[in-house]
Amino acid sequence: MNRCIMLMVLLAALLSGCEVDNGGGWNEPLIPVSLKGIQTVNIDNSGEFPKISAAPIKKEAYVVGVKWIADDLPSDDDEYITDPVRWGEQQYGMVADHYERSVVCLTPFNADIPAGSNVSKYFKKINYLPEDVDEGFALLVAPDPGVHRFRMEYYYAGELEFSHETTAIEFF
Amino acid sequence: MKRNLLLLIALIACTALLRAQEQRESNGGKLRPRIDIQLVQHIGLDAWSDAGYVTDGLPPVQMTEIRGVLGLHVKPAFNLFGDMGIGITPASAMKSFDLGRMPLPNSGTGYYLREMLSETGTGKTAAHFKMTAGWFGNFRVGERCRIMPHAGLGVLSMEGRSYEMILKEDGSNAQYRTTYAWGRDFDYDEDYPEVLPMGYLTGRVNVQFPLTRKLDLMLGLEYTHFLTEINFQTRYVNTFNENIRKDITVKGNRANMIGLSVTLLGSR
């Protein structure tokens, strides 16, 4: 019986020790980052690997890519040194999580959709992108062939925070 | 593999126990068990499926088996047997996944493998657990020869195999979450099966004759007919709207094998 109790105490001590290790933190500290702007690129997704392109793109294989412009300055106003950020919203991959995205066509999309229309519903997010592109949105409804331009917009709480226009790209 | 090892251990333990019982009952009991260790080579008479890519993903219908057989002698024409063994199948023709062999969402269109989401099973040489039970006769022919016809029902545990991946269409943004699964029924199975229990009927004829004064040789010819077929299913789901683009089911064959067994045993 005594041996049992001793074993249980030992086990509890070991477990609590593990917890202290995890909570006490040897996790690598993260550098806080915040989104300062966006830059759009035209992506040709017709082949095995998507690539940034200025050449004409097949209209069924167009992706608008977004590069985030971020800095490593904290976005909060703390006057005193705070604990390292261990996890949360300030990781680089999550800097744009709170933003709503929208795409506006700057040229006529087709005979029914004039320039200036919101065409967000024709785009879906994809994850397989060129290495230096942070977000990509695949165009799933082919517009008319010809030269097209789009504007990517990032909204926060309904307010437009960032926007960037793509360069003119020819669809065939 | 771990499961097969455990079963092998169980088989050895069971054999040892029965051997002890055999010794005890030979001293006066009426029920005389007979235990043999047999080596069997099975050769397939047909394929798991008529579709080449389905068969390529499975081990060939061919097996080298080592099994322990327990026979309970009741009457010369009515005896019972049970066996447990490990069957080793060679590697499948498609050892590792090859998209070039598989059906695609639209024929004539190229597809790229963007991301492998999950895979179960392998195409490598594998060991499978096998178990049979049934009836056998034991008829004396001449002074030391015996003919023993067997009929039984058994089960073979085959390893399931499946792949889930993202396929991207050449020349467009279209992409599909694609599943290739051997032995899975999308309508009933929520998970990919790790083990496919394959039921079979077997008929065997063993002939035992003396090799030396103290050693007999038993040769057997056997036929196995599988009662279970391995169906193959493919599903393509559009990743953008979760619509099922296509479901394909390829019905499998009830395969047959013929086998030759060899047993060395002491003269009785």
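Being a predicted model, the structure only gives us computed values, none of them experimental. Numbers restart at 1 for each chain; the letters A, B, ... are given by sequence-line order, proteins then strands.
For the residue pair B:R67 and B:T132, no side-chain donor N or O sits within less than 3.5 Å of a side-chain acceptor on the partner.
Proximity to chain B at a heavy-atom threshold of 4.5 Å picks out A:N45, A:S46, A:G47, A:E48 from residues 37-48 of chain A, in numerical order. Listed by sequence position, A:K124, A:K125, A:I126, A:Y128 are the residues of residues 107-132 of chain A in contact with chain B, using a 4.5 angstrom heavy-atom cutoff. By a heavy-atom distance cut of under 4.5 Å, not one residue of residues 161-172 of chain A is near chain B.
Between B:D247 and B:R235 there is a salt bridge, since at least one side-chain N of the basic residue sits less than 4.0 Å from a carboxylate O of the acidic one. Salt-bridge check for B:R177 with B:E164: passed, with a basic side-chain N closer than 4.0 Å to an acidic carboxylate O.
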Exercise. Should A:Y99 and A:Y156 be marked as a ring-ring contact (aromatic ring centres under 6.0 Å, His included) after you check the CA-CA gap, both sets of side-chain angles, and the distance that decides it?
Worked result: CA-CA 5 Å; A:Y99 294 90; A:Y156 182 73; 5.7 Å; yes
Exercise. Can B:H42 and B:E65 be said to form a side chain to side chain donor-acceptor pair (under 3.5 Å), step by step?
Worked result: CA-CA 8 Å; B:H42 300 274; B:E65 181 190 1; 2.8 Å; yes
Problem set entry | Audit row: A:E153, A:R151, salt bridge (Lys or Arg N to Asp or Glu O under 4.0 Å) steps and yes/no | CA-CA 6 Å; A:E153 298 174 339; A:R151 185 173 64 238; 2.9 Å; yes
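No close placement of the A:F49 and B:Y112 rings is indicated, their centers lying 6.0 Å or farther apart.
Put simply, OH on B:Y236 and CD1 on B:I248 are 4.0 Å apart, with the number rounded to the nearest 0.5 Å. Here B:D56 contributes atom CG and B:M94 contributes atom CE; the two are 7.0 Å apart, rounded to the nearest 0.5 Å.
Every residue two or more places apart in sequence or in another chain that forms a ring-ring contact (aromatic ring centres under 6.0 Å, His included) with B:Y53 is listed here: B:F232.
For the set B:N241, B:L113, B:I166, B:D170, the entry with the most heavy-atom pairs within less than 4.5 Å of chain A is B:D170.
Cation-pi check for A:R101 over A:Y154 is met; the charged atom lies under 6.0 angstrom from the ring centroid and within 45 degrees of its normal.
In this structure, B:T228 and B:G199 approach most closely via the heavy-atom pair OG1-N, 2.9 Å.
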